[in-house]
Visitor: 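So that we are looking at the same thing, I have put the structure below in structure tokens.
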There are 2 protein chains.
Amino acid sequence: MAQSQRGAETRARILEAAALCFTRAGYDSSGVAAICDGAGVSKGAFYHHFPSKQAVFLALFDRWIDGLQHAIDATRIPGETVPQRLEAMAGVAQQVLQATEGQIPLFLEFWHRATKDPEVWQTLIEPYRRFRATFAGMVREGIAEGSVRPVDPDLAAHVLVSLGVGLVLQSALDPGDDIDHQAADQAIRLFLIGLTDGREQ
Amino acid sequence: MAQSQRGAETRARILEAAALCFTRAGYDSSGVAAICDGAGVSKGAFYHHFPSKQAVFLALFDRWIDGLQHAIDATRIPGETVPQRLEAMAGVAQQVLQATEGQIPLFLEFWHRATKDPEVWQTLIEPYRRFRATFAGMVREGIAEGSVRPVDPDLAAHVLVSLGVGLVLQSALDPGDDIDHQAADQAIRLFLIGLTDGREQ
DNA sequence: CACTACATACCGACCGGTCGGTTTTTAAGC
DNA sequence: GCTTAAAAACCGACCGGTCGGTATGTAGTG
């Protein structure tokens with residue numbers, strides 16, 4: 001632990017600087033030199049801690065996913081109905097995105113590169129499908145307990161994730177500070193009405 | 001005019017080749033040389049017709065927006081209620097995206113570069129806001145005619161566009177051939193239930 | 001001859017990654 | 001606690017290659 005405290009700090013600084021560069025300029029336009037500069041570190045140090053520029057990018061992605069997963073797990077409060085949990089999730093997702101302060105462009109960067117590079121795709125698609133499966137499971141659960149209309153769970157999950165992705169993407173393009181915060185809640189609420197169709201929750 | 005027929009064809013070939021390259025490899029990874037190669041044209045010809053690589057990209061974007069706008073205008077059938085028109089729009093949007101066959105990654109490319117380059121952003125944000133205003137207007141109209149619940153029109157438009165963007169983005173990342181086609185319809189339908197809340201349409 | 005529509009060769013900047021060498025930290029022997 | 005050797009951390013010059021864009025020349029046409 002204290003073994004390589006200095007090394008760990010340098011590594012963290014590189015990650016931080018890389019996140020900033022990728023967020024501001026994008027992956028392709030961010031040179032390794034610029035990242036090193038931002039981290040106050042030489043190129044040698046960079047390649048000592050990471051085998052490639054892409055490795056830093058993927059490490060950043062893993063860190064991001066871990067945070068998201070952790071936040072989602074926190075909403076697993078038993079004893080509530082599925083619609084209630086979905087509604088709670090809207091607040092959490094929004095809170096996560098706000099906590100990662102301005103890292104939304106980074107999310108777009110992940111998405112973009114995943115469609116170009118197979119390795120990035122592999123890394124992104126796994127948690128992505130896991131999330132979708134989680135939502136589908138919740139919908140299925142809701143149908144079983146009668147709080148949700150009998151819709152295709154996979155389709156509903158697909159729509160739900162689309163909603164989330166779309167909201168994030170829009171705030172990346174055109175950050176409307178006040179709108180964005182309301183939008184997630186409103187979107188989920190509208191969607192929930194469609195799902196429950198006036199049932200008792 | 002017949003004079004510039006050859007020129008127009010060359011220009012079209014360059015645009016076509018550029019679309020293919022950008023779709024497959026992305027903007028940054030597509031060299032001008034590769035585009036010229038794909039078009040069967042020299043670099044001189046390229047820079048004769050376009051002042052820069054970015055100009056080709058923006059020209060491609062304009063072409064895409066024109067197609068989309070044209071398709072949306074086609075749904076302006078008077079005499080139908082707003083929910084009916086929104087539902088029809090789901091089919092049209094899907095048809096447009098399918099007609100431009102596999103150009104969904106190009107859409108992502110537009111979005112991505114808009115967040116990095118001010119000029120691209122300017123070009124994208126204008127039609128984008130116009131679309132959103134159109135939707136907001138439709139929702140407002142629906143509220144007036146009583147076919148839509150009294151929600152905030154701008155917020156509803158925001159959510160609606162998010163849904164569209166999210167659906168397109170997902171199909172760019174993970175094309176589920178069968179799901180994607182149903183998803184747009186199903187999504188709009190669920191959303192419409194939320195908007196109308198069981199009113200007569 | 002003048003003008004459009006191209007072709008070819010070429011330039012300078014930049015970028016990811018390497019490499020030989022230097023400094024700092026750690027661990028072992030005494 | 002001191003010495004020392006090895007290992008980890010770090011430095012910065014450098015390389016091969018790519019890329020956007022330019023300069024210059026030419027073939028065809030009105």
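Since we're looking at a predicted model, the values are computed, not measured.
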Visitor: Going by number, which of residues 46-63 of chain A have a non-hydrogen atom under 4.0 Å from DNA chain D?
Guide: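 Only A:His48, A:His49 qualify.
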Visitor: Does any pair with a residue in residues 9-29 of chain A pass ring pair (Phe, Tyr, Trp, His ring centres under 6.0 Å), and if so which ones, sequence neighbours excluded?
Guide: A:Phe22-A:Tyr27, A:Phe22-A:Phe57, A:Tyr27-A:Phe57
Visitor: Give every residue pair that meets the salt bridge (Lys or Arg N to Asp or Glu O under 4.0 Å) criterion with at least one member in residues 15-27 of chain B, sequence neighbours excluded.
Guide: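 Every salt bridge (Lys or Arg N to Asp or Glu O under 4.0 Å) pair that includes a residue of residues 15-27 of chain B, provided the two are not neighbours, is B:Glu16-B:Arg63.
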Visitor: Round to a whole Å and report the spacing from CZ of A:Arg13 to C1' of D:dA9.
Guide: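 Spelled out: CZ on A:Arg13 to C1' on D:dA9 is 12 Å.
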Visitor: Does A:Arg130 pair with A:Glu126 as a salt bridge, N-O distance under 4.0 Å?
Guide: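 A salt bridge is present here (some side-chain N lies under 4.0 Å from a carboxylate O).
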Visitor: Is the side chain of B:Thr115 donor-acceptor paired with the backbone N or O of A:Ala172 at a distance under 3.5 Å, no angle test?
Guide: no
Visitor: State whether B:Thr10 places a side-chain N or O below 4.0 Å from either non-bridging phosphate oxygen (OP1 or OP2) of C:dC6.
Guide: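 Yes.
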Visitor: Contact between A:Gln54 and A:Asp117 at the side-chain level, heavy atoms closer than 4.5 Å - yes or no?
Guide: yes
Visitor: Could you tell me whether the side chain of A:Thr81 reaches within less than 4.5 Å of the side chain of A:Val148, counting heavy atoms only?
Guide: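 Sidechains of A:Thr81 and A:Val148: no contact.
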Visitor: Can you give me the N/O atom pairs linking the protein to nucleotides 20-23 of chain C at distances under 3.5 Å, or say none if there are none?
Guide:
none

Visitor: Tell me which residues in residues 15-37 of chain B put a heavy atom below 4.0 Å from DNA chain C, sorted by number, or none.
Guide: none
Visitor: Got a list of protein N/O to nucleotides 14-17 of chain D N/O distances below 3.5 Å?
Guide:
none

Visitor: Check whether any side-chain heavy atom of B:Val120 lies under 4.5 Å from a side-chain heavy atom of B:Phe61, and answer yes or no.
Guide: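 No. Closest side-chain heavy atoms not under 4.5 Å.
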Visitor: What's the spacing between A:Asp154 CG and A:Arg140 CZ if we round to 0.5 Å?
Guide: 5.5 Å
Visitor: Which atom names give the shortest non-hydrogen contact between B:Val151 and B:Ala156, and what distance separates them?
Guide: CG2-CB, 4.0 Å
Visitor: Is there a side chain to side chain donor-acceptor pair (under 3.5 Å) between A:Glu145 and A:Ser147? Walk through the geometry before answering.
Guide: CA-CA 6 Å; A:Glu145 73 185 17; A:Ser147 62; 2.8 Å; yes
Visitor: With rounding to the nearest 0.5 Å, note down the distance linking CD in B:Gln84 to CG in B:Leu192.
Guide: 10.5 Å
Visitor: Anything under 30° is parallel, anything over 60° is perpendicular, the rest tilted; go ahead and classify A:Trp64 against A:Phe110.
Guide: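 The arrangement is tilted - the two ring planes meet at 30° to 60°.
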Visitor: To the nearest 0.5 Å, what is the distance between CD on B:Glu109 and CD on B:Gln103?
Guide: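 So the gap between those two atoms works out to 12.0 Å.
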Visitor: Using whole Å, what does the distance between atom P of nucleotide D:dA8 and atom CD of A:Gln5 come to?
Guide: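 Answer to the nearest Å: 18 Å.
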